[in-house]
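Here the structure is laid out as C-alpha cells; the discussion comes afterwards.
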Amino acid sequence: MKKIIKDILINAINHTYPNSEFIGLIEVQNVTAKNVEADFFSNISMKLAKQLKENPMHIAQEITKNISKIDDIQVDIVKPGYINFIVHDKEKNNVISIINNSNDLLGHCKTDDKLKINVEFVSANPTGPLHVGHGRGVIYGNIIAKFLKIQGHNVTKEYYVNDHGNQIRKLCLSVFSHIDELYAKSEDDLYQGEYTKEIAVLIKKNNIELPVIPKTSDHLIDIPEDTRNFIVKNMVDRIKTQLNNLNIKFDNWFYETSLFDEKSKYKPDHLIQKLEKSGNLHNDGTNAIMLKAEEPRVLVKSDGTYTYFATDLAYHHLKMEEYDVVIDVWGADHHGYIPRMEAGLIALGHKTDKLDIHLIQFANLYRDGEKISMSTRKGEYVELNELGDEIGNDAINFFYLTKNKDQHLDFDLNVAINQNKNNPVFYIQYAHARIEKILTEVGRYQDKEYDLQSLDNKLEKDLISTLMNFNEVATKTIMKLQPHLMTHFLLKLAQDFHSYYANIKILNQDEIDYSKIHLIAAVQKVIKCGLDLLNINSPKVM
RNA sequence: GCGUCUGUAGCUCAGUUGGAUAGAGCAUUAGCUUCCGAAGCUAAAGGUCAGAAGUUCGAAUCUUCUCAGGCGCUCCA
C-alpha cells in the first residue's frame with residue numbers, strides 16, 4: 001500500500017517539477033499521531049520548500065493537482081504542508097483475505113544476496129553453568145541467527161569453548177580439591193560452585209586418573225589430558241543441557257584446543273610467523289611477542305604461553321577466511337577489546353567490514369531491590385534454568401526480547417517471579433487462545449459467505465489498521481535484527497483484539513457474521529506467526 | 001583522565017531515515033460477570049523527554065557542552 005502511494009507521488013512530482021532530482025526525497029510514512037485522520041502522509045512539500053523557496057502549502061497544492069484520482073484513496077493537504085492519504089475501508093479490509101490466504105507471512109523478508117554467516121554467541125567459559133547474567137546474550141544471539149536464516153542466509157550458530165587457558169586448570173584443581181585438599185594448596189580463588197563437588201564424585205566413581213601431587217611446591221601440578229577432557233566434557237554437557245531446555249541448539253561447538261591440533265592450519269604459532277613476515281610485530285626488548293596496534297598487544301607472554309587474545313585472533317582469522325560475514329555477540333564489557341581484534345585482523349590482511357560485533361548491554365540483577373553480582377568463581381549465581389523453572393521459557397524469551405540490546409536493563413528476580421502472572425507474554429497468548437476457542441466453536445468457516453466491507457465498527461477498523469502494519473514491522477524486525485519491534489507490535493495487536501472481544505459479541509446465537517470470523521482468524525494467524533518468530537509458544541488453551 | 005553505552009510517567013521499558021497534541025505494561029484510583037474464557041474490558045491520574053545552547057519550517061530523535069549512572073582501559077580469560 002505504501003509503495004502504491006509512493007508511486008503515485010513520484011508520478012505527480014515528475015509532472016509538477018520535471019527533470020527534478022526530488023524523487024529521492026520522497027518518503028511515505030505511517031500516521032501515528034492519534035488526532036490525525038489519515039493512514040499515510042508525506043512531508044515532501046516541506047522538504048521541497050527549502051530548495052524551491054516557496055510556501056510548502058502551495059507546493060503541496062501544486063503536487064496534488066497532478067495526482068490522478070484514485071477510487072480507494074483520498075488525498076488531503078494539511079498545514080503546514082503535509083500531504084495525507086486516507087485509504088478507504090474496502091481496500092483496507094482486503095488485508096484480511098491476504099493474510100488468511102498467505103502460505104508464508106514472512107515470505108517478503110528475503111535477501112537477494114545470500115551469504116555464509118557465522119554467528120558466535122554465549123561462548124561462556126566452561127567453568128560453570130550458564131547463569132542469569134548470560135541470559136540476554138543467549139536469547140539475543142539465538143534470535144538474530146534465526147532472523148538471518150529467515151532472510152535466506154546460510155547461518156552457522158557457533159559456540160566457542162575456551163577449553164585451553166588457565167581457567168580450565170583452576171577448574172580441574174577445584175574439582176580435585178574435593179578429593180584431596182592438597183590440590184588446592186598452591187592455588188587461590190578456585191571455583192566454589194556445587195558442580196565441582198558433583199564432578200569430583202564422578203571422577204572417583206569412574207576411576208579417572210588423578211594428577212600426582214609434586215613433593216615440592218615449586219613444581220606445578222601436571223593434569224593428565226584425559227582427566228582434563230573428562231572434566232571439560234562434563235561442563236560442556238551441562239551447558240548443552242541448559243541450552244536444550246531453552247530449545248537452543250548450536251550447529252558447531254568450536255574448541256579452542258582444536259586450534260593447536262597438529263593438522264590445524266590456524267595454529268597460533270603460524271599466526272605469529274605470518275604477522276612477523278608482514279612486519280606487524282612489535283619489539284620492546286622483552287621476551288613477550290606483541291602485535292603492533294594503537295597500543296602494542298601481547299600475543300605471547302614472557303613465559304612462552306599464549307594470551308587469550310592470540311588464540312582468539314587465530315580463531316577469528318579462521319572464521320574470516322571461511323565465512324562471508326562473521327558476527328560476534330559479546331557482552332558490553334568486551335567493547336574495549338574490539339580495536340585490538342580489528343587491528344589483528346587487518347594485520348592478517350582481512351577487511352573488518354566482514355566482522356560485525358553486536359554488543360549486549362548488561363542486565364543488572366536485583367533481588368528485593370538489592371543488587372546481586374554473578375560470580376562463577378565464588379559460586380554465587382542463579383542458574384539460567386532456575387529462572388526458567390520459575391517463570392517459564394516463554395516469559396524469559398519475551399522479557400529479554402522486549403528490550404533493545406543497547407538499553408541497560410534492571411531485572412529483579414523476585415519481582416519477575418511474583419509478577420509473572422502479569423507478564424505481557426500471557427496477554428498475547430491469551431488473545432490467541434480466545435480466538436482458538438471461538439474458531440473451534442464455529443467449525444468450518446472458510447467456504448461460508450462473508451462480506452469484509454461490513455466490518456466498519458471503530459474497533460474493527462483499529463484492528464484492521466494494526467494488521468496492515470504487520471508486514472512492515474516484520475520486515476524491520478527481521479531485516480534489521482530488532483526483535484523488540486515485534487514484541488511491541490504483538491502487544492498492540494492483542495490489545496486491539498481484547499478490546500474488540502470485550503465490546504463486540506462475535507458469536508451471535510441467531511446468525512454468525514463470517515466476516516468477523518475471518519477477521520479474528522487473521523489476527524490469530526498473525527499472532528502465531530509473530531510468536532513463532534520470537535520462539536514463543538502459541539497455546540490453544542491456557 | 002580516555003573510550004563506550006545509557007538518562008523518557010512512581011517502577012520497567014517503547015518511540016520508525018527529524019514530523020502533527022509523548023506511548024505501553026506494572027503500581028494507584030473509580031467502574032464493568034444472567035451472554036464467545038475476568039490471564040479480560042472502560043476510564044481517571046501520572047511528563048520541564050537529565051540540564052543548557054545550537055541546526056531546522058519542525059528536535060525525545062541531529063551537533064556541542066555540562067551533570068548523573070553502567071561497562072572497559074591486565075604479559076586476566
Side-chain angles (χ1 to χ4, degrees), chain A residues 27 29-36 38 41-43 45-47 49-50 55-56 78-82 84 125 127 162 164-168 170 256 286-290 295-303 305-312 331-339 359-362 364 399 402-412 415-416 419-431 433-439 441-442 472-473 476 480 482 484-485 487-489 491-492 494-495 497-509 512 516 520 541-542:
Chain A
E27 44 182 292
Q29 301 181 41
N30 292 27
V31 170
T32 47
K34 279 184 171 173
N35 54 320
V36 179
F41 74 92
S42 174
N43 55 8
S45 30
M46 268 98 79
K47 284 189 173 172
K50 202 178 190 178
N55 185 328
V78 184
K79 64 179 178 182
Y82 293 109
N84 285 356
N125 287 343
T127 52
N162 301 120
H164 184 262
N166 193 33
Q167 83 283 2
I168 294 295
K170 277 212 154 67
E256 187 180 356
T286 63
N287 285 331
I289 299 176
M290 301 195 199
E295 227 179 292
R297 298 297 180 183
V298 178
L299 292 163
V300 182
K301 297 179 238 173
S302 303
D303 66 3
T305 59
Y306 292 100
T307 58
Y308 174 82
F309 173 51
T311 48
D312 201 23
D333 55 337
H334 282 65
H335 83 265
Y337 186 73
I338 296 174
L359 291 178
I360 311 293
Q361 291 301 321
F362 273 25
N364 290 316
F399 174 80
T402 320
K403 282 92 178 173
N404 189 318
K405 73 173 169 37
D406 292 329
Q407 181 65 252
H408 305 234
L409 62 88
D410 293 326
F411 188 25
D412 193 310
V415 172
Q419 291 190 346
N420 192 35
K421 276 204 149 182
N422 287 326
N423 192 306
V425 75
F426 300 125
Y427 183 82
I428 299 168
Q429 291 178 322
Y430 186 47
R434 271 181 154 177
I435 296 173
E436 183 66 25
K437 182 77 182 297
I438 297 175
L439 293 183
E441 213 148 298
V442 170
E472 194 180 339
V473 173
K476 252 180 204 161
K480 297 196 170 175
Q482 302 209 304
H484 71 278
L485 296 178
T487 63
H488 287 95
F489 171 82
L491 274 175
K492 171 82 171 84
Q495 198 167 30
F497 169 74
H498 284 306
S499 180
Y500 180 52
Y501 180 93
N503 288 289
I504 303 282
K505 179 104 172 108
I506 297 167
L507 280 185
N508 225 315
Q509 296 303 327
I512 296 172
K516 288 188 171 64
I520 63 166
V541 185
M542 290 177 71

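The chains referred to below are lettered A, B, ... by the order of the sequence lines, with proteins before strands, and numbering in each begins at 1.
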Query raised in the report: From B:G3, B:A38, B:G25, pick the nucleotide closest to the side chain of A:His335?
Result: B:G3
Requested in this report: Could you please name the option among B:C13, B:C41, B:A77 that lies closest to any side-chain atom of A:His488?
Outcome: B:C13
Query raised in the report: Can you find a side chain N or O atom of A:Tyr337 that sits less than 4.0 Å from OP1 or OP2 on B:U4?
Result: no
Query raised in the report: Mind pulling the stems RNA chain B is in, i.e. runs of at least three Watson-Crick or G-U pairs, everything under 3.5 Å?
Result: B:1-7 with B:67-73, B:10-13 with B:23-26, B:28-32 with B:40-44, B:50-54 with B:62-66
Query raised in the report: Heavy atoms under 4.0 Å, any strand shown: does A:Leu299 hit a base, just sugar-phosphate, or nothing?
Result: nothing
Requested in this report: Using atom CD of A:Gln29 as one end and atom C1' of B:G19 as the other, report the distance to the nearest whole Å.
Outcome: 7 Å
Requested in this report: Examine B:A39: is either OP1 or OP2 under 4.0 Å from a nitrogen or oxygen in the side chain of A:Tyr430? Give yes or no.
Outcome: yes
Are there any protein N/O atoms within less than 3.5 Å of an N/O atom in nucleotides 5-8 of chain B, and if so, which ones and at what distance?
| from | atom 1 | to | atom 2 | distance (Å) |
| --- | --- | --- | --- | --- |
| B:C5 | O2' | A:Gln361 | NE2 | 3.2 |
| B:C5 | O2' | A:Asp406 | O | 2.9 |
| B:C5 | O2' | A:His408 | NE2 | 3.3 |
| B:C5 | O2 | A:His408 | NE2 | 2.8 |

Collect all protein-nucleotide pairs involving nucleotides 27-31 of chain B in which both atoms are nitrogen or oxygen and the distance is under 3.5 Å.
none

Query raised in the report: Where the side chain of A:Asn404 is defined as all heavy atoms beyond and including C-beta, which of B:A14, B:C75, B:A39 is the nearest nucleotide?
Result: B:A14
Query - Selected nucleotide, minimal atom distance to A:Lys505 side chain, candidates B:U42, B:G19, B:C35 - result: B:C35
Query raised in the report: Under 5.5 Å between ring centres and under 30° between planes: does that hold for A:Tyr82 against the base of B:A20?
Result: yes
Query raised in the report: Does A:Thr307 have a side-chain nitrogen or oxygen under 4.0 Å from the phosphate oxygens OP1 or OP2 of B:C76?
Result: no
Query raised in the report: Base of B:U33 relative to its sugar, syn (within 90° of 0) or anti?
Result: syn
Query raised in the report: Can you say whether the rings of A:Tyr337 and A:Tyr308 are parallel (under 30°), tilted (30 to 60°) or perpendicular (over 60°)?
Result: tilted
Report summary line: Of the listed B:U56, B:C41, B:G25, the closest approach to the A:Lys50 side chain comes from B:U56
Query raised in the report: Given atom NZ of A:Lys403 and atom C1' of B:G15, what is their separation to the nearest angstrom?
Result: 15 Å
